[in-house]
Amino acid sequence: MDELRNHVKEMLANGTVAAVIGYKEAGSPMRTKPVIITAPEEAILLVFNEYCLNNLAVYLTKARVKNLARVNGTIKKLGIVAKPCDVHAVIALIQESQLKREDVYIISFNCNGVVKDYGETLTGETIASKCLHCDARQPLYHDKVFGELKDLPASPDEELAKIKSFDDMTSQERFEYFKNEFDKCIKCYACRAACPMCYCTQCITDKTIPRWVESSAHGRGNFSWNLIRAFHLSARCVGCGECERACPMDIPLSLINRKMLEVAKNDFAYLSGRNLETPTLVGSFDVKDKEEFIL
Amino acid sequence: MKIGVFICHCGENIGRTVDCPRVSKAAEWFPGVVHSVDYKYMCSDPGQNMIKDAIREKGLDAIVVGSCSPHMHEKTFRKAALDAGINPFLCEMANLREHVSWVHDDIEEATQKAIDLTRMAVEKVKRNQPLATIKVPVTKRTLVIGGGIAGIQAALDVANAGYEVVLVEKEPSIGGHMSQLSETFPTLDCSQCILTPRMVEVYQHPKIKLMTYSEVEKVEGFIGNFHVTIRQKARHIDASKCTGCGLCITKCPIRKKAFNSFEEGMAYRPAVYVPFPQAVPNIPVIDETVCTYYKNGKCGVCVKVCGREAIMFDQQDKLVTEEIGAIIMATGYKLYDISKKPDDSFIKGYGEYGYGKYKDVIDGLQFERIASASGPTSGEFKRPSDGKEPKKVVFIQCVGSRDDSKGFSYCSKICCMYTAKHAMLYKHKVHDGEAYVFYMDIRSGGKMYEEFVRRAIEEDGVKYVRGRVSKVYEQNGKYIVKGEDTIAGMPVEIEADMVVLATAMIAQENASTLAQTVGIPYDKYGFFNEAHPKLRPIESTTGGIFLAGACQSPKDIPESVAMASAAAAKTMVLFGSDMLEREPVVARVNELLCGGCFYCRKVCPYSAIEVREIKDRNGVVIKEVAYVNDGLCQGCGTCTATCPSKSVELMGFTNEQIFAQIAAL
Ligand SMILES: Cc1cc2nc3c(=O)[nH]c(=O)nc-3n(C[C@H](O)[C@H](O)[C@H](O)COP(=O)(O)OP(=O)(O)OC[C@H]3O[C@@H](n4cnc5c(N)ncnc54)[C@H](O)[C@@H]3O)c2cc1C
Ligand code: SF4
Ligand code: SF4
Ligand code: SF4
C-alpha cells in the first residue's frame with residue numbers, strides 16, 4: 001500500500017499525471033469508494049485490496065474528469081488505479097477512440113481476486129464470480145504494477161452452468177425467465193451509469209425524436225431497454241459486472257453479458273479489451289466470420 | 001403544411017387492381033392533405049401540369065405522388081415540383097405499381113394497401129426538409145490502366161479532346177497482346193505495322209503522361225475526385241539519360257537465363273532488355289532476378305558500355321500520386337495456361353493434350369510468334385522441338401472455352417477467327433502442308449468474318465473436322481491426334497507434326513485484386529462487370545470508372561477499339577461540366593451528440609467518414625466527432641444503423657421520417 005501511495009505522490013509531484021482516480025477506505029477497512037487525487041499529499045488516502053470493487057474506468061470518459069487533465073492549454077495524463085480486469089475497459093475505451101493510450105497512466109496490480117460484497121472475508125464462497133473465470137490476473141497493459149500473485153480460492157463456475165442451462169430451455173421458457181426478471185426493472189439506469197462502455201453523449205434511450213425506447217417502467221419499455229443495452233454491449237462488454245452490482249432490483253444482468261462474451265469468444269475468438277492491435281469485433285469483417293445466425 | 005396527393009392509374013397497370021378514385025378519396029381525409037386527385041397518366045404532360053397547377057393554385061407545400069417506383073419517375077415529379085416553385089425534395093412517392101398492383105390480385109386488399117402506403121408517404125413528407133443538391137468539382141484528368149490497344153485508343157481519344165491522360169502499363173512497354181500478333185483477321189494486315197504508329201503517338205503526345213513498368217497501388221476518392229497512388233517499379237535505368245541505343249542489351253553476358261515472355265517462352269532474353277525492338281518507351285529494364293550484379297555485386301558490363309551513365313543499380317521503386325477525375329480500365333486478358341491446373345481453381349486443365357509436355361503442342365500466341373516476321377523463327381514455319389517445317393498441323397478450337405466440366409462455360413469469341421487466320425497463314429507459307437481444324441461450331445459473326453473463314457476452307461483448302469479431340473500423344477516422332485468426326489459419325493486419327501491449341505481467353509492475372517483496389521465489381525471469372533449488360537456496357541457500377549477492351553469479356557481488336565473510344569466519350573461527358581451534381585441523400589452527424597466511437601467509420605463501405613476535432617479556445621482538442629464527406633457518401637445508411645446513439649442520420653430518410661411512416665401503418 002505504501003508503494004502505491006509513494007508512487008502516486010511522486011507522479012503527481014513531478015507532474016507526470018494531473019490526477020489519479022483510485023480507491024479510498026469508506027467507513028470500514030472492508031469497504032472502499034472511489035477518490036480522485038490531485039494533490040501529492042492526498043495520496044496517503046489511497047488503498048488497494050479485495051474490497052476495491054468499482055471499475056474506475058467509467059470515470060475516464062466523464063467530462064469533469066477529462067477536464068482535470070487539461071492544464072494550461074495542454075493535455076496531461078490521467079492516472080488510474082485499475083485491477084487487471086478493469087484494464088480491459090481502459091483498453092476497450094482506447095480502441096473505441098475515447099482515450100489515447102498516451103493520455104492515461106495505468107497503475108495496476110497482480111490481482112488475487114475481489115469479494116462479491118463489502119464486509120466479507122475473501123473465501124471460495126465470497127469471491128466475485130467474474131474472478132472464477134478470470135483470464136488475466138496480471139495486467140495486460142500497465143505503466144506501473146504492484147503486488148504478488150497468490151492462489152485464488154477455488155469454487156465452481158455457477159454462472160457458466162446457469163447460462164449453459166438456458167441452452168436446454170425452449171425459447172418460450174427463456175422468454176418467461178427474462179420477462180420475470182425484466183419486470184422488476186425500475187428504469188433507474190444505474191446499470192448504464194456504472195458501465196464503463198456506456199459513454200455515449202446521449203443514450204438512445206433518452207432520445208425523444210423519435211422515441212426508440214418506451215420510457216415508462218412497464219414490460220414493453222423494460223424489454224426494449226434491457227435488450228438494447230445487451231445489443232449495444234455485445235462483443236464490447238468487458239465483463240466487469242458493475243451493472244449487476246449497481247442494479248437495485250437484483251436483475252441478473254451478468255447472465256446476459258456472460259452469454260454474449262461466450263459467443264464472441266467461441267464463435268469469433270474475440271475477447272474485448274484484450275489487445276490494442278486487434279480491431280474491435282463490432283465493425284470489422286472477416287470472410288471467415290460465422291454467418292449462421294444471419295437468416 | 002398543405003399537402004397535395006396525386007394518384008396515378010398508370011393506364012391499366014395500377015388501375016386494374018387498385019381502385020384509384022377510392023385511394024384519392026381516402027387521402028382527402030389524411031391530416032394535412034388539402035388536395036387529392038387521380039388521373040390516368042400522372043407522368044404525362046397533362047398529368048404533370050395537374051400537379052404544377054395544384055401547387056400554384058392551392059399553395060401546396062409538399063406533394064405525394066402514388067404511382068410507379070421512384071426509380072422510374074421520381075426525377076420527373078421532383079422536376080415538376082421544382083418548376084412549380086417548391087423544393088424538389090418535398091415530393092414523395094408511394095409505389096402503387098411494383099409494390100401493389102403488380103404483386104396483388106385482390107382489388108379490395110390491394111386498394112387498402114395502396115391507401116396505407118399513401119398515408120405513410122404523407123406522414124413522411126410532412127417531416128421532409130428542403131434539401132439542396134450537392135455540387136462537387138471535377139478534376140479533368142483521366143487515368144487509363146493498361147496500355148494494350150484498348151488503353152492506347154482510349155488515351156489518344158481523351159488526349160486529342162484536350163484533356164490530360166495518365167496511362168499506366170505494368171510491363172516495360174505499351175502494346176499489349178496486339179504487339180505480339182503476326183497478321184490480323186479479317187484483312188491480314190501486319191499487326192505491328194498498324195499498332196506501332198499509335199504507340200509512338202502516345203509517347204509523343206503532350207497531353208499523355210506515360211508510366212510504364214508501373215502499377216496502380218491505391219485508389220481513394222470518388223467520381224471526379226480520385227487520388228491515385230502509382231508504384232513506378234525500378235527499371236535500374238535512368239530514363240532521363242537513356243537514349244535507347246541498346247548497347248547494354250547487346251553486351252550483357254547473361255544470355256540464356258531468362259525466357260523471353262514476349263516470344264511466349266520460345267526464346268531467351270538478356271538480364272537487361274526491352275521486350276521487343278519497337279518497344280515504347282525504348283528504355284530497357286534490368287531484371288534483378290537474373291542479373292549477376294544483384295547476386296554478387298560483380299559484372300557491371302552495362303555500366304562500362306553505357307556512354308550516358310544511365311545504369312542505376314540502386315534505383316528504388318517510386319510511389320507517385322495523381323489527381324484524377326475518371327478512370328478507364330483496359331487491362332485486357334491472358335490465355336488460359338492449360339499445362340497445369342491452376343491452384344485453388346475450379347478448372348481442371350487439359351493434361352490429355354500434352355501442352356507443356358510436348359514442345360510442338362503450342363498455344364495460339366506461340367503460333368503468332370512463329371508466324372511473325374520479327375519472331376524467333378523470323379516468320380518461317382519451324383516447329384519448336386527440332387526446327388523442322390511441319391507438314392501436317394492440327395488446330396484444336398475451344399480448348400477450355402464452352403466446357404462446363406473442365407474449363408469455362410463462356411465462348412472466347414475470337415478463337416474461331418484466329419484459328420482460320422492461323423491455318424491460312426500456314427497454308428500461305430507451306431504450300432504442300434496440310435491443316436486440320438477441330439471445331440464445335442464456327443462462330444464468325446462480324447463484318448467480313450464469315451467470308452474470311454470461307455476463304456480458309458474454300459481457297460486455301462483448310463480441312464475442318466467437326467468434333468472434339470480426346471487425346472494427343474507422341475508416337476515415332478509424330479503427334480497422334482485422336483478425335484471424332486461427328487458429321488461423319490466416326491473416330492479420326494491424324495498423325496501431326498505440330499498441334500496448335502486455341503485456349504480460352506481468361507481474365508488478366510490479378511484482375512480481381514485490381515478490381516478491389518479500384519473499387520469495381522467483377523464476375524466469377526474475374527472479368528470486370530458493366531453497369532448494365534445492354535444499356536450501360538461501358539460504365540462500371542462505380543461512378544467515373546469505365547471499361548474498355550478484353551478486361552470486360554473476350555473481344556477482338558475492332559471491338560476493343562470501339563469500346564475504348566466509347567469509354568473516352570464517357571469521360572468527356574463527365575468533363576463537360578465543371579461541377580458534378582449529386583443527390584443530397586447523404587449522412588449528417590449531429591456533432592453535439594456524437595460520442596466519437598467511430599463505429600460508423602469502421603462500417604462505412606465508401607470510407608466517407610472522417611474525424612473532426614472539436615477544440616477549446618486554447619486549441620486543445622476537447623473531443624473528436626465523426627464527419628461525413630458529402631462527395632464520398634453514397635447514402636447507403638449503414639452508419640445510421642450502426643450508430644449506437646443515433647447521432648448520424650440520412651438526409652431525406654431521417655429516423656423521425658421513418659418512424660412516422662411506420663406509425664402511420
Ligand atoms: C492468338 C491470338 C490471336 C489474335 N488475333 C487477333 C486478330 O487477328 N484480330 C483481332 O482483332 N484480334 C485478335 N486477337 C485478340 C486481341 O489480342 C485482343 O482483342 C486485344 O489484344 C485486346 O486488347 P486489350 O487492350 O483489351 O488487351 P491487351 O492486349 O491484353 O492489353 C492489356 C494491357 O494491359 C496491361 N495490364 C494488365 N494488367 C495491368 C495492370 N494491373 N496495371 C497496368 N497494366 C496492366 C497489359 O500488360 C497489357 O499491356 C487475338 C488474340 C489471340 C490470343
Ligand atoms: S440498474 Fe437494474 S433496474 Fe436500473 S435500469 Fe438497469 S436493469 Fe433496470
Ligand atoms: S450513409 Fe453509407 S456511405 Fe454515407 S457515411 Fe453512412 S455508411 Fe458511409
Ligand atoms: S457511430 Fe454515432 S456516436 Fe459513434 S462516431 Fe459515428 S456518429 Fe458518432
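So that the names make sense, note that chain A is the first sequence line, chain B the second, and so on, each numbered from 1.
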Counting neighbours of [atom1] on [X] that are heavy atoms of other residues, nucleotides or ligands and sit closer than 6.0 Å, is the number greater than 12?
X: A/Arg174; atom1: CZ; value: yes
X: A/Lys179; atom1: NZ; value: no
X: B/Phe653; atom1: CZ; value: no
X: A/Asn266; atom1: CG; value: yes
X: B/Lys2; atom1: NZ; value: no
X: A/Lys130; atom1: NZ; value: yes

**Message:** Please identify, among A/Arg211, A/Gln95, A/Arg70, the residue contributing the most non-hydrogen atom pairs under 4.5 Å to chain B.
**Reply:**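 Most heavy-atom pairs within the cutoff with chain B belong to A/Arg70.
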**Top contributor to chain B interface from A/Ile204, A/Asn67, A/Thr61 [non-hydrogen pairs under 4.5 Å]** =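 Top option by heavy-atom pairs under 4.5 Å: A/Ile204.
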Measure distances from [X] to the heavy atoms of chain A and classify the residue's part below 4.5 Å as side chain, backbone, both or neither.
X: B/Leu592; result: backbone
X: B/Val611; result: neither
X: B/Glu656; result: both

Work out which heavy atom in [X] is nearest to a heavy atom in [Y]; give both atom names and the distance.
X: B/Lys602; Y: A/Val282; value: CD-O, 4.2 Å
X: A/Ile75; Y: B/Val620; value: CG1-CG1, 3.4 Å
X: A/Ser97; Y: B/Cys597; value: OG-O, 4.1 Å

**Prompt:** Any donor and acceptor pair, going by atom type alone, linking the side chain of A/Gln98 with main-chain N or O of B/Gly595 inside 3.5 Å?
**Reply:**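 Answer holds: yes.
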**Request:** Could you tell me which portion of A/Thr205 (side chain, backbone, both or neither) has an atom closer than 4.5 angstrom to a non-hydrogen atom of chain B?
**Result:**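 The answer is neither part of A/Thr205.
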**Prompt:** Are the side chains of B/Asn655 and A/Lys207 in touch, meaning some heavy atoms are under 4.5 Å apart?
**Reply:**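 Not in contact.
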